[in-house]
Structure formats: C-alpha cells, structure tokens
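Reading through the structure tokens given below for one structure.
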Amino acid sequence: MPVKKSAIKALQQSKKRAERNKKVKSDIEALVRKLRKAISTKDKTKAQEWLKQVIKKFDRAVAKKVLKKNTAARKKSRLAKAVNTLLKK
C-alpha cells in the first residue's frame with residue numbers, strides 16, 4: 001500500500017478510472033451482443049439501429065481514451081461489414 005499522500009490519491013484515482021472504463025467496455029460488449037443477435041436472426045431494421053448505437057459508443061469511448069482509436073475503427077468496420085452483407089441479401 002502507498003504511504004505518501006500523493007500515492008494514495010493516485011491509487012484512488014486509478015481505481016475510480018478503472019471502474020469507469022470497465023463499465024464503458026461492458027456497455028459496448030452488451031450492445032455488440034445485441035447487434036450480433038439481430039444479425040444472426042436476420043432482423044435488418046434492428047441491426048441498423050444497434051449498429052448506430054454501437055458506433056456512437058465506440059466513438060465516445062475513443063474520445064474518453066477508454067479504447068484506442070484503431071481498435072474501435074477495426075471493430076466498427078467489421079460490424080458494419082456484417083450488417084451490410086445482411087442488407088444486401
């Protein structure tokens with residue numbers, strides 16, 4: 001455990017940020033699961049709605065530095081590709 005006041009405060013901040021980041025990531029994962037379910041059931045309208053929300057969450061996470069830019073871009077691209085193939089059928 002830290003001894004100095006600044007180290008104690010830094011640890012508290014770190015824990016608080018980790019908790020916040022964990023919540024954001026779990027929210028994104030939940031949305032992605034819903035999107036994948038809509039894709040697997042071939043529900044085009046739901047898939048488009050969920051994709052919009054997922055992209056919005058990814059962009060927000062990148063802005064808040066919870067996720068790296070390229071990671072979010074890669075995941076958004078793959079999800080968009082899956083939705084577009086569903087829409088073409």
Side-chain angles (χ1 to χ4, degrees):
M1 287 302 296
V3 177
K4 292 185 176 181
K5 277 188 177 181
S6 61
I8 291 169
K9 184 176 179 180
L11 180 64
Q12 288 172 342
Q13 288 174 326
S14 177
K15 284 181 180 178
K16 193 181 236 182
R17 288 184 187 129
E19 189 76 28
R20 192 179 308 133
N21 292 347
K22 191 175 178 184
K23 172 80 171 102
V24 170
K25 287 179 183 180
S26 70
D27 288 350
I28 290 173
E29 287 171 10
L31 283 174
V32 169
R33 274 195 302 273
K34 289 177 184 178
L35 175 59
R36 290 197 187 282
K37 188 174 183 182
I39 291 169
S40 66
T41 58
K42 296 183 172 131
D43 188 355
K44 294 178 182 180
T45 55
K46 282 281 187 193
Q48 284 179 312
E49 287 176 32
W50 288 122
L51 181 65
K52 280 183 185 178
Q53 289 185 8
V54 167
I55 288 174
K56 199 172 185 181
K57 277 279 188 189
F58 272 124
D59 290 340
R60 187 78 176 145
V62 169
K64 294 288 183 180
K65 296 192 172 116
V66 176
L67 292 175
K68 288 188 177 179
K69 182 176 68 170
N70 288 349
T71 303
R74 183 183 67 243
K75 290 184 179 187
K76 286 190 308 188
S77 173
R78 289 176 183 173
L79 291 170
K81 190 175 176 182
V83 170
N84 286 337
T85 55
L86 172 68
L87 295 175
K88 285 182 181 177
K89 290 182 181 179

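All of these numbers come straight from a predicted model, not from anything done at the bench.
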Straight-line distance of [X] [atom1] to [Y] [atom2], nearest 0.5 Å:
{"X": "Ile55", "Y": "Leu31", "atom1": "CD1", "atom2": "CG", "answer": "11.5 Å"}
{"X": "Gln48", "Y": "Asn84", "atom1": "CD", "atom2": "CG", "answer": "8.5 Å"}
{"X": "Ser14", "Y": "Glu19", "atom1": "OG", "atom2": "CD", "answer": "11.5 Å"}
{"X": "Arg74", "Y": "Phe58", "atom1": "CZ", "atom2": "CZ", "answer": "9.5 Å"}

Subject >> Name of the residue among Lys56, Lys57, Lys64 meeting side-chain contact (heavy atoms from CB on, under 4.5 Å) with Arg60 >> reply: Lys64
Subject >> Identified side-chain contact (heavy atoms from CB on, under 4.5 Å) counterpart of Gln13 within the set Lys9, Lys16, Lys15 >> reply: Lys9
How close do [X] and [Y] get, heavy atom to heavy atom, and via which atoms?
{"X": "Ala72", "Y": "Val62", "result": "CB-CG2, 3.3 Å"}
{"X": "Ile28", "Y": "Leu67", "result": "CD1-CD1, 3.9 Å"}
{"X": "Met1", "Y": "Leu11", "result": "CE-CD2, 3.9 Å"}
{"X": "Val54", "Y": "Leu35", "result": "CG2-CD2, 4.3 Å"}
{"X": "Leu87", "Y": "Lys44", "result": "CD2-CB, 3.8 Å"}
{"X": "Ala47", "Y": "Ile39", "result": "CB-CG1, 4.3 Å"}

Original post:
Taking everything shown except Lys76 itself, do over 12 heavy atoms lie less than 6.0 Å from its NZ?
Top reply: yes
Original post:
Between Lys37 and Asp43, is there a salt bridge with N-O shorter than 4.0 Å?
Top reply: no
